[in-house]
Each structure stands twice: as C-alpha cells, then as structure tokens.
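Written out below as structure tokens is the structure these notes cover.
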Number of protein chains: 2
Amino acid sequence: MTSSTYRPASAAEARFLAEYDASAYATPLVTVDPVIVTLRDEQLAVLLVKREEHPFLGSWGLPGGFIDIRNDADPEACAVRKLKEKAAFVSPYLEQVKTVGGRERDPRGWSLTVLFFALIAEDDVPPIDKRLAKWFPLSALPDAMAFDHRALIDCAIRRIRAKAEYTALPAHLLPQRFTLSKMQRVFELVLQRRLTAGAFRRRIEPLVEPIADCFETASHRPAQVYRLRPDSGSLIFEQPLKGARRK
Amino acid sequence: MTSSTYRPASAAEARFLAEYDASAYATPLVTVDPVIVTLRDEQLAVLLVKREEHPFLGSWGLPGGFIDIRNDADPEACAVRKLKEKAAFVSPYLEQVKTVGGRERDPRGWSLTVLFFALIAEDDVPPIDKRLAKWFPLSALPDAMAFDHRALIDCAIRRIRAKAEYTALPAHLLPQRFTLSKMQRVFELVLQRRLTAGAFRRRIEPLVEPIADCFETASHRPAQVYRLRPDSGSLIFEQPLKGARRK
DNA sequence: AGAATAGTGTCTGTAAGACATTATTCA
DNA sequence: TGAATAATGTCTTACAGACACTATTCT
C-alpha cells in the first residue's frame, strides 16, 4: 500500500513506487502501549487488561496492541483508538514517552512499541468491565506482567514525576473544576512529598483562574474553585520545585 | 523469526509461537533517523546525505534507514550502525527524541521512524566523503529535503535547545578538554543568546574539574583547561537558566 | 604600555520554603 | 466556642544576572 497524495518527482520514481512491495522486507512487529494513569484512593493507579491471547495469555498487561496501518493515521491515533476500545475515555491528555524495541521483548519476534501515557481525572474515569480490565495502584502492580510492560510502566511514571517538577502536568489528573487544596494534594501524590501551601499557590496561580462565586463548601472555610486558564498552554514553570516541606 | 531465549509458559503457548507468522500482517515500514549535530564555524550544523535511491533520489536527507531485524539488537543499536556506516564516529552522545509515523510521510507506504540526535565535538568529526554527505549549518539547510526530514531536524534541534536550559547537554559538543570560555560559547550558540561569565561559571563549576597545570595559552591571560567530572552523570541543573545578558 | 581575554567579588532582584496569622464555615 | 481547612503576609535563604574590577599573557 503506497501513499496516495504524494506526487512523484519523475517517471522513474513513479515506476519505482508502483513496483515497490513493502511486504518483501522483514519488518518489526509494531505496537502502541498506553499507560493510562489516574488517581484512586489517594494513589496513582494504572489500567491493565488481562490478556486473552497468546503469548502471556492470562497475564496482566498494558491496553495496547498492533498499529493498524489501514485505520490508524499515526501512532497517536492508534493510541487514542486503543483507549477507546478499552473504555470511552473523554479525550484524556496523551503524551508520547519513548519507543522501545528489540529482538527479545516479544517472543513472536523483533518488536517495537511506541510508549504513551494518558492522564485522566478520577471523576472522568468511565466504568470498566471488571472481567477484562482493572485499575492497579502503583504500589500493588501484579507480580508477573506481560512482556516488558512492568518496565514500560516504570518508565512512563518516571517521566510523569520528572515533568511534575517543572510543569503543571499533574493538572491533567484533576477534573476541570478544582480547589487549590485538591490540586496541591494531586501534586503531592505525584511528587511523593509534601509541599507548602504558600509556595504552591504562588507558583500555580498564574496558570489558573478562579471561577466567580464558585466555592466548595464543607465544615470549614469554603474553598475557591478554579479552572485552568485557557491560555496556560504548556504549563511550564520558570523555576523547578526545590525541596520539600519539613512537617 | 521468533525470539530464542523466551520460555513459553505452556504447551499451548509454545504451539502458538511455533505457528506464528509475523509476516502475515501488514506492518509499517520502520526506520531510524539520526540528526547528527556538531558545531562548524560557530554554527550548529547537521550531517545530511544525498539519497542514491528512490524515492527522493538526489535529495538531501538524514543518514537513517531501515531497521535490520537480523543485525540490530534494538533501535539504539540501529542508530549506532547508521552513524558508523556514514562515518567512523567515536561513540557520540546519542539520545532518542520521539517516534513519528503515519500514512503520508513516506510514499512507499505507512511508515514509522524513530528519531535520534547525536552530538559530536567539532574536533572529533571524522572526514567524510563529500560526494555522499555534507554538513549543513542550520541557517542554510537545503530547500527541499527528503520525506519529512526538515521537520525531524527542527524537532531534534528544539529538543536540544530546550534541554540546554536545564542540563549541560551542550557539553557533548565540546572536546574532552576545554576552557570555560569555550564551553560558554557553545552554550551561547545552542541557546542563541549571550550569557554572563559569572553566572555561567557558578552554574557549570560543579560539573567540571580543572586539569592540573593545564592551560590554554594565547596573547592574553592563559585559560584553565577543564574536563567533565566523571561522576557528573546526567548533567542536570537544579535551576534553569533565567534570562539573557543585556550587552 | 595597551590589547585582549580569563577569572573574581559583590550587589541586587526574584522567587522558593518556612511559618505564623487571619478567615470562614459547620458541628 | 472549637475544629478544621482556606488563604495570606512576611521573613529568610538561595541563586541568577549585572557589572566592575583584578589577573596574566603577548605584542
């Protein structure tokens, strides 16, 4: 299958392309693996599916799979499709991490996988079919997982934690409306350390805007409800976080 | 070709693997493209090769190519092989950027490429066959390039520039021994702005060590020669650079 | 001596962390 | 009134950028 919109530069090139047979060469198996991350019970959790096919039949693994060159426009589209097939996620934040591959990572042969992570707010998590998929907190991942998926998860989580130091990435784990206390808690869970409220607010304030007359009320002072500023774009801070608070 | 070291979990899985034919499914074309970067005449420059095959015959493109699943252990090994095939680079710094793919980027069909960049010191650049390959300064890249290689170069350069803000990545563009002034100049060229000597030295000093009694001499005060500290590892700074100097 | 670059010392501004204090609600 | 959390104000510290000043060599 050759591309349709491309205009060959010469008759010789057109002939070459007409005769080109991509299947004549041995290529790697190519998959996409999304690490779908949310917060559950104050813990980072990832969605795993139970494999219904060989190899690793019955093991837990990432909800990924082969790129379908007929239907996927690009790797991102493939990742979105995988997310849709497992559950009707509402356009979560999706980011490519890296590509890993080699001769040994898949017993079916030389394989390459494009690793993504997706962040989704706890409130936006759709119900899942518990026979097929399950949320695992990071602290209680299954012992034996399919392929190198355990290493892939570690890699994606490292990336998320690293970016939380100098961007507002964890904001994508929050619902659209949130209080700054909730937001701080999410950052603390991702960063695995306590932050001080003053510094956190100063840092995050330029990226959020209060929703007028909207407060979250409880048996204490009501909390202003915020949303991300529509123009806050990449959510990058000038300064990385420095330390942790002592108490 | 299935992996040899894997031990199937069951007889059924062993049977499945024995009968698995990876070539039965349509897979993308899979390539690796390294953006080889050095400094020439006070400018960032990339190595391009003239394509000797269709498509884009005669155009300049990145010195990449197909993954050879027989000989390449993983994508990094493939990138190293590509670098070796074009010139005997001495183990340059190599980093994966991202993977791009889709239906339209290669007229031969749905293709995926794993993008890398390599950094190499001007002094370590081996001589190249000028009929096959050529260094292009970033400011004077060829107008029409093969595939989406122009966009790939832009992407790799953006990554290098971004990391120069919070890591000592540009150090890999220096020879093993260098003066701090030379180092500062390299950072300035990568960052495209002037830096102040005081702040730069404070920042970089923990990552380098002076070589005893080794000075670079000229018609002015001799400059201490430094090398990277062997333990400086990932070369990450606590603080990102903030601004530029005025004059 | 003067040119040229290497290298240092110090001031200032900015922003982070610490922490005490005030604010507001409900039980 | 007290518990609980929200939100603010201020002090201290760390470090980047500015910039003047000293150091050392060669011509």
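Small disclaimer: the values here were computed from a predicted structure and weren't measured. Each chain gets a letter, A, B and so on, in the order its sequence line appears, and its residues count up from 1. The figures that follow rest on heavy atoms only: side chains count, while hydrogens, waters and symmetry mates do not.
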[X] [atom1] to [N] [atom2]: how many Å, rounded?
{"X": "I204(A)", "N": "dA16(C)", "atom1": "CD1", "atom2": "P", "value": "11 Å"}
{"X": "E205(A)", "N": "dA6(D)", "atom1": "CD", "atom2": "P", "value": "14 Å"}
{"X": "K182(B)", "N": "dA4(C)", "atom1": "NZ", "atom2": "C1'", "value": "15 Å"}
{"X": "R194(A)", "N": "dC19(C)", "atom1": "CZ", "atom2": "P", "value": "14 Å"}
{"X": "R193(B)", "N": "dG17(D)", "atom1": "CZ", "atom2": "C1'", "value": "11 Å"}
{"X": "Q184(A)", "N": "dT5(D)", "atom1": "CD", "atom2": "P", "value": "13 Å"}
{"X": "E216(B)", "N": "dA23(D)", "atom1": "CD", "atom2": "P", "value": "22 Å"}
{"X": "L195(A)", "N": "dC19(C)", "atom1": "CG", "atom2": "P", "value": "15 Å"}

Under-3.5 Å donor-acceptor pair between R202(A) side chain and dG17(C) base: yes
Between dG17(D) and R203(B), counting only base atoms on the nucleotide and side-chain atoms on the residue, is there a donor-acceptor pair under 3.5 Å?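 No, no donor-acceptor pair under 3.5 Å.
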Within the 6.0 Å centroid threshold, strictly below: Y226(A) and F178(A): no
Aromatic ring proximity, centroids under 6.0 angstrom, F200(B) and F187(B): yes
R40(B) to A45(B) - nearest heavy-atom pair and separation: CD-CB, 4.0 Å
Is D213(B) atom CG crowded by more than 12 heavy atoms from other residues, nucleotides or ligands, each under 6.0 Å away?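 Atom CG in D213(B) is not crowded, with 12 or fewer foreign heavy atoms closer than 6.0 Å.
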Got more than 12 heavy atoms from elsewhere within 6.0 Å of CD, E122(B)?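 Enclosed.
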Nearest-neighbour nucleotide for the [X] side chain, [options] considered:
{"X": "A223(A)", "options": "dC26(D), dA6(D), dG7(C)", "answer": "dA6(D)"}
{"X": "T217(A)", "options": "dA18(D), dT25(C), dA7(D)", "answer": "dT25(C)"}
{"X": "H220(A)", "options": "dA4(D), dT24(D), dA7(D)", "answer": "dA4(D)"}
{"X": "R221(A)", "options": "dA23(C), dT25(C), dG7(C)", "answer": "dA23(C)"}
{"X": "A199(A)", "options": "dG17(C), dC26(D), dT22(C)", "answer": "dG17(C)"}

Does S181(A) put a side-chain nitrogen or oxygen below 4.0 Å from OP1 or OP2 of dA6(D)?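 It does, given that an N or O in the side chain of S181(A) lies less than 4.0 Å from OP1 or OP2 of dA6(D).
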Is the phosphate of dG7(C), meaning OP1 or OP2, less than 4.0 Å from a side-chain N or O of R201(B)? yes
Does Q224(A) or G198(B) map to a spot on DNA chain D nearer the 5' end, using the closest nucleotide for each? Q224(A)
